[in-house]
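Order of appearance sets the numbers: ligands from 1, and atoms from 1 within every ligand.
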Amino acid sequence: MPITATPIPNLSDNYVWHLREESTGTVAIIDPAEAAPTARAIEALGGRLDMILLTHHHADHIGGVDELRARYGCPVIGYGDDAARLPKLDRAVREGDVVAFGAASARVIFVPGHTLGHIAYFIPEGPLLACGDTLFSLGCGRLFEGTPEQMFESLGKFSGLPDDTRVCCTHEYTESNLRYAEHVDSLTKTGGDNPALKIFGARVRALRAAGSPSVPSLLGDERGANPFLRAGNAAAFATLRQGKDNFR
Ligand code: ZN
Ligand code: FE
């Protein structure tokens, strides 16, 4: 695969993604929460940084931006209509814009819901989706600013992407999401027998028991097991999201 994706642990459960387009060596960092651990990983992976891509304005996605930009002199790219809440942007992008990434390209998808200025980046050459806090493995982001309808529509924008798309989300929430997905599955008529979720869950528990990240997952596997991608309409999605907010 021409794009190598490495998750860099930041804070308690964030992943900052280090993406390298192998034919040119071009490196992009997604959503740097902290400068120090991110820079250490960049150095260990070859010491190159060509661009910083941002998905949304939350502090755990932008905290390391200014220090990394100063150190590597690289441009920072983010959603133009949310520029007031983001670090200074060198390039403002919107839905449908394409960011050159070495020999590959990152397509901007506007996905409001978690915040009203959230974007994702799809790299068809990966294929790879950097989705920030919109889609998580077996879950989705909380609705801090948007409505369930907006988030349902945003997740729907991923429906045309290939099954082998690597889902590079920004938090290690998968085991907690798995418990909720199993709960939701147990409430269905047939009762807890979604084979796709069973396979997915066993893989996640094995990875976490070994101390490994559970991500990236594959979009096709998410489609089979992630309850939020399986919701048939916005009302069903809203009920699921509310259930997760209250699930212990
Ligand atoms: Zn967030
Ligand atoms: Fe976050």
Side-chain angles (χ1 to χ4, degrees), residues 5-19 28-38 41 52-68 76-87 89 92-95 106 108-122 128-155 157-158 166-178 180 204 208 213-217 222 226 228-229 237-238 240-242 244-245 247:
T6 308
I8 306 169
N10 269 219
L11 302 173
S12 60
D13 54 31
N14 277 69
Y15 289 127
V16 173
W17 286 93
H18 180 285
L19 306 182
I29 285 284
I30 316 280
D31 285 357
E34 298 177 281
T38 303
I52 296 172
L53 303 178
L54 304 178
T55 66
H56 69 292
H57 77 277
H58 284 157
D60 64 316
H61 296 252
I62 63 172
V65 168
D66 288 333
E67 232 178 293
L68 290 171
V76 176
I77 296 152
Y79 185 53
D81 290 351
D82 218 0
R85 300 194 291 181
L86 292 167
L89 297 180
V93 293
R94 291 181 178 78
E95 169 92 356
V108 176
I109 309 174
F110 180 48
V111 286
H114 177 70
T115 72
L116 290 176
H118 199 304
I119 56 175
Y121 300 88
F122 174 63
L128 182 153
L129 178 66
C131 48
D133 287 354
T134 294
L135 177 63
F136 290 126
S137 185
L138 297 179
C140 76
R142 272 179 190 264
L143 302 179
F144 284 116
E145 298 178 4
T147 64
E149 290 73 21
Q150 277 175 320
M151 189 63 143
F152 179 74
E153 193 180 320
S154 292
L155 291 172
K157 290 183 174 182
F158 301 150
R166 282 168 285 169
V167 178
C168 296
C169 60
T170 346
H171 288 276
E172 183 57 79
Y173 290 161
T174 317
E175 270 189 307
S176 136
N177 290 338
L178 171 61
Y180 181 64
V204 165
R208 297 305 293 152
S214 66
V215 293
S217 58
E222 296 292 342
N226 186 324
F228 296 97
L229 291 184
F237 174 83
L240 272 176
R241 186 57 258 178
Q242 202 178 22
K244 176 69 165 82
D245 292 345
F247 185 73

Is there a donor-acceptor pair under 3.5 Å between the side chain of [X] and the backbone N or O of [Y]?
| X | Y | result |
| --- | --- | --- |
| W17 | T6 | no |
| D60 | L11 | no |
| H114 | R142 | yes |
| D13 | E172 | no |

Quick one: report the N, O or S atom of [X] that is nearest to the Zn ion (ligand 1).
| X | answer |
| --- | --- |
| H114 | NE2 |
| H58 | ND1 |
| D133 | OD2 |

Thinking salt bridges, do R85 and E145 make one under a 4.0 Å N-O criterion?
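Answer for the salt bridge query: yes.
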Provide the closest heavy-atom pair for S217 versus E222 in the form atom of the first, atom of the second, distance.
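Heavy atoms of S217 and E222 come nearest at OG-OE2, 2.6 Å.
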Describe, in one word, how the ring planes of F136 and H171 are oriented to each other, choosing from parallel (under 30°), tilted (30 to 60°) and perpendicular (over 60°).
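The arrangement is perpendicular - the two ring planes meet at more than 60°.
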Check the angle between the aromatic planes of Y79 and F110 and answer parallel, tilted or perpendicular using the 30° and 60° thresholds.
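Y79 vs F110 ring planes: parallel.
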N/O/S atom of H61 under 2.8 Å from the Zn ion (ligand 1), yes or no?
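No - counting backbone and side chain alike, H61 has no N, O or S atom under 2.8 Å.
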Just the protein N/O/S atoms under 2.8 Å from the Fe ion (ligand 2), please, no waters.
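Correct list: D60 OD2, H61 NE2, D133 OD2, H171 NE2.
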